[in-house]
A.B. asks: 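Take a look at the following structure, please.
The structure displayed is predicted, hence computed values, not measured ones.
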Number of protein chains: 2
Amino acid sequence: MPQRTKRRPLTLRDVSEASGVSEMTVSRVLRNRGDVSAATREKVLTAAKTLGYVPNKIAGGLASQHVNLVAVVIPSLANLVFPDVLSGISAELDDTPLQPVIGVTNYSLSREESVLYDMLSWRPSGVILAGLEHNRSSRAMLEAASVPVVEIMDIDGDVIDTAVGISHLEAGRQMAAEILGAGYRRIGFIGTHMPEDHRAKKRLAGLEEALQHAGVPLVAREFYQGGSSLAKGRELTERILAREPDLDFLYYSNDMIGAGGLLWCREQGFDIPGKLGLAGFNGVDLLEGLPMRLATTDARRVDIGRRAARIVAGKEPRPEQGKLSLAPHFMPGDTIRK
Amino acid sequence: MPQRTKRRPLTLRDVSEASGVSEMTVSRVLRNRGDVSAATREKVLTAAKTLGYVPNKIAGGLASQHVNLVAVVIPSLANLVFPDVLSGISAELDDTPLQPVIGVTNYSLSREESVLYDMLSWRPSGVILAGLEHNRSSRAMLEAASVPVVEIMDIDGDVIDTAVGISHLEAGRQMAAEILGAGYRRIGFIGTHMPEDHRAKKRLAGLEEALQHAGVPLVAREFYQGGSSLAKGRELTERILAREPDLDFLYYSNDMIGAGGLLWCREQGFDIPGKLGLAGFNGVDLLEGLPMRLATTDARRVDIGRRAARIVAGKEPRPEQGKLSLAPHFMPGDTIRK
DNA sequence: TTGAAAGCGCTAACAC
DNA sequence: GTGTTAGCGCTTTCAA
């Protein structure tokens, strides 16, 4: 085994010495800035490659007073929706110098605060974060950061700088219209325990508002804690139907539990969508390939990621009033009567 | 709208002036280093909070010559397995000063190289990256970085510094033993097109080796490109059974396509596990809640994340030979005969 | 087209 | 327990 002395990390100076070109010019070459003759350029590039030099962005960032990072703060990676948002962001950032850095809050506002603090201490060029609900310190930090801040997923509420998302209130209303239009009248809702999930809460509010407007009460609600899974969907569906056997429609707060409910109902021999209609929310890919396609609302996740990234990157202007509202898109699937 | 002058970002100096304490002592307080009297401490903290000061880690990192970041490089976030690995990493890093920074390669070695280059330019304290297959430049960079490098998921191959994972060869052999032990003899394999997926390739090799050893040939293979989904699983299952209708076992390279196959086979009325056995790989949560539990191998994702993080954090020593091998765990489910 | 000087905001090392 | 000094590795600015 070779005696592996702990190398001093390489610096610009090493490349400068190896190439016989000043540090400044080496720096120019490595960043493609300013005019450098082809010959010097070549020398520098060769030297850098030979040495295996990797520039130190810490020093660079300090000197230039800016850093090409975009802080992206989301509640969870386990939730199927966020990878989609991230892929939209990456796609749009790919042809810019900006790079996303992901932080995860686990749906906790205080964790969000500390994640933001850590990320802002790297002085990113922009921030993208999920939701409009943040604690006071987080809002203060974001305002003090004086970089673009884009809140995503939701537009129903107060915006710090810019919001890109759908109206979940509207999504709830839209679903109510579809449910009522299809003739269902005894409707139940299944969702996460509310304090944590502001967007589901807004959808429920939109649903109830529209139902009430039509004189149709929401018959039952069932809430759960923790992550979503097919198993949870089965369990909650069984429970709500045990309590209220004559329900004719179940609106789930996400596709995963909706799919679990769907599988369970089919096994029980329910007539879907004839006697019982079902709908979820998000429009995740997972639904393709289930025995029946669950009705759902496409929450425009990839688009949201893209547009947010475009705004942070300066590819498109900040929308008027700071809100960019995308339209939630109802997808009928096979689990709601035509 | 208030005239919002572009503020100069706050510095230590501002806190120093506001509190009447030297910059150095302010720095000490903010980092909990060295002895500072309770009184000064209080003054500093108050001043910092009032101003809304967020330390500049770029400057800090440059001065201290180190940065509490761990680069985590994975192929994809859409793949259900990586969020699990990441949660293991986070869990173990949570009580250390280290923070994970995620980079995504989209299963491309050249993209891996550029992601590594970018991450190493931040001079992280350690690197965790998926797989043992990297291009020459990537290996060179990692070796030159002189920080702990932990390759995860796989241990069948050459290690740069440390590897934490399971043997996929062994997982394939183990599955072969289970399949043969249950009496299946006409076995097919369904998986991703190989060049991209080294670990699936190793499982297939392990499977074939063990089958061959028992004098049982692998009857059919079906490969696909792109992401995994239930729909893809259905499609491939239909195709392989159209070609080879007398197969009595299907081994899938992951649970998602396995689950799709399972759903399809049930709809076709196949007798599972009687006439046809099925197994996937990974042991993802998704499987709970399907009509039948797919047989699978638990790939120890969370444990892998934890152990890798522990090694990077110095909580546990680098294993001998640089390889930490966890045992893949067969889970029979309901789709293989007892 | 190239180079020299100054300094980004913080912390290590040492003095008091 | 607190302060002073020097300097981390780059880029900005300006001069040549």
Side-chain angles (χ1 to χ4, degrees), chain A residues 7-45 47-48 51-69 97 118 120-125 144-145, chain B residues 7-45 47-48 51-69 97 118 120-125 144-145:
Chain A
R7 283 166 303 274
R8 176 184 55 72
L10 294 168
T11 68
L12 260 192
R13 162 172 235 107
D14 296 305
V15 183
S16 167
E17 284 169 0
S19 61
V21 175
S22 77
E23 285 188 41
M24 194 53 239
T25 300
V26 172
S27 170
R28 285 193 184 100
V29 171
L30 264 22
R31 287 175 300 141
N32 289 310
R33 283 289 157 73
D35 293 315
V36 179
S37 73
T40 4
R41 203 184 144 66
E42 202 51 47
K43 271 193 289 188
V44 169
L45 256 17
L51 294 174
Y53 172 68
V54 177
N56 184 332
K57 285 202 181 153
I58 304 189
L62 183 61
S64 67
Q65 299 282 65
H66 84 246
V67 150
N68 291 321
L69 297 177
D118 284 333
L120 290 177
S121 75
W122 289 103
R123 302 291 187 263
S125 300
Chain B
R7 281 166 304 274
R8 176 183 55 73
L10 295 167
T11 68
L12 258 193
R13 164 172 232 107
D14 296 303
V15 184
S16 168
E17 285 170 358
S19 63
V21 174
S22 77
E23 286 187 40
M24 193 56 233
T25 301
V26 172
S27 170
R28 286 194 182 98
V29 171
L30 265 21
R31 286 177 298 141
N32 290 310
R33 282 289 158 70
D35 293 314
V36 180
S37 75
T40 354
R41 203 185 145 66
E42 201 52 45
K43 271 193 290 188
V44 169
L45 256 18
L51 294 175
Y53 173 68
V54 177
N56 183 332
K57 283 200 180 153
I58 305 191
L62 183 61
S64 67
Q65 299 283 62
H66 85 246
V67 151
N68 289 322
L69 297 177
D118 285 333
L120 291 177
S121 75
W122 290 103
R123 302 289 187 266
S125 300

A.B. asks: Rounded to the Å, how far apart are B:Ile58 CD1 and C:dG7 C1'?
C.D. replies: 15 Å
A.B. asks: Of the listed nucleotides (C:dG3, C:dG9, D:dT2), which one gets closest to any side-chain atom of B:Ser37?
C.D. replies: D:dT2
A.B. asks: Counting only N and O atoms by type, is there a donor-acceptor contact under 3.5 Å from the side chain of A:Ser125 to the main-chain atoms of A:Val67?
C.D. replies: yes
A.B. asks: Tell me: NZ of A:Lys57 to C1' of C:dC8, nearest whole Å?
C.D. replies: 18 Å
A.B. asks: Using atom CG of B:Asp35 as one end and atom C1' of D:dG3 as the other, report the distance to the nearest whole Å.
C.D. replies: 15 Å
A.B. asks: Go through B:Leu30 and B:Val44 one step at a time and tell me if the side-chain contact (heavy atoms from CB on, under 4.5 Å) criterion holds.
C.D. replies: CA-CA 8 Å; B:Leu30 265 21; B:Val44 169; 4.1 Å; yes
A.B. asks: Judged by atom type as modelled, is there a donor-acceptor pair below 3.5 Å linking the side chain of A:Ser16 to the main-chain atoms of A:Val21?
C.D. replies: yes
A.B. asks: Is A:Asn56 touching bases, backbone alone, or none of the nucleic acid, heavy atoms closer than 4.0 Å?
C.D. replies: sugar-phosphate
A.B. asks: Of the listed nucleotides (D:dG3, C:dC8, D:dC10), which one gets closest to any side-chain atom of B:Thr25?
C.D. replies: D:dG3
A.B. asks: Starting at atom CG of A:Leu62, determine the distance to atom P of C:dC8, rounded to an integer number of angstrom.
C.D. replies: 9 Å
A.B. asks: Using OP1 and OP2 only, check whether a side-chain N or O of A:Ser27 sits under 4.0 Å from D:dC10.
C.D. replies: no
A.B. asks: If you count the non-hydrogen atoms of other residues, nucleotides and ligands that lie under 6.0 Å from CZ in A:Arg13, is the total more than 12?
C.D. replies: no
A.B. asks: For the backbone of A:Gly60 and the side chain of A:Ser64, can you confirm whether one donor and one acceptor N or O come within less than 3.5 Å of each other?
C.D. replies: yes
A.B. asks: Let me know the distance between CD of A:Glu23 and P of D:dT11, rounded to the nearest Å.
C.D. replies: 10 Å
A.B. asks: In whole angstrom, give the distance that lies between atom CZ of A:Arg8 and atom P of D:dG7.
C.D. replies: 16 Å
A.B. asks: D:dG1 P sits how many Å from B:Arg41 CZ, rounded?
C.D. replies: 12 Å
A.B. asks: Looking at A:Gln65, I'd like to know whether one of its side-chain N or O atoms comes within less than 4.0 Å of OP1 or OP2 on D:dC10.
C.D. replies: no
A.B. asks: Between the protein and nucleotides 12-16 of chain C, which nitrogen or oxygen pairs come in under 3.5 angstrom?
C.D. replies:
| residue | atom | partner | partner atom | Å |
| --- | --- | --- | --- | --- |
| C:dA12 | OP2 | B:Arg31 | NH1 | 3.3 |

A.B. asks: Could you give the distance from CG (B:Leu69) to CZ (B:Arg123), rounded to the nearest 0.5 Å?
C.D. replies: 12.5 Å
A.B. asks: To the nearest 0.5 Å, what is the distance between OH (B:Tyr53) and CG (B:Leu45)?
C.D. replies: 12.5 Å
A.B. asks: In this structure, how many angstroms lie between the P atom of D:dC10 and the CZ atom of A:Arg13, rounded?
C.D. replies: 11 Å
A.B. asks: Does C:dC10 have OP1 or OP2 sitting under 4.0 Å from an N or O in the side chain of B:Tyr53?
C.D. replies: yes
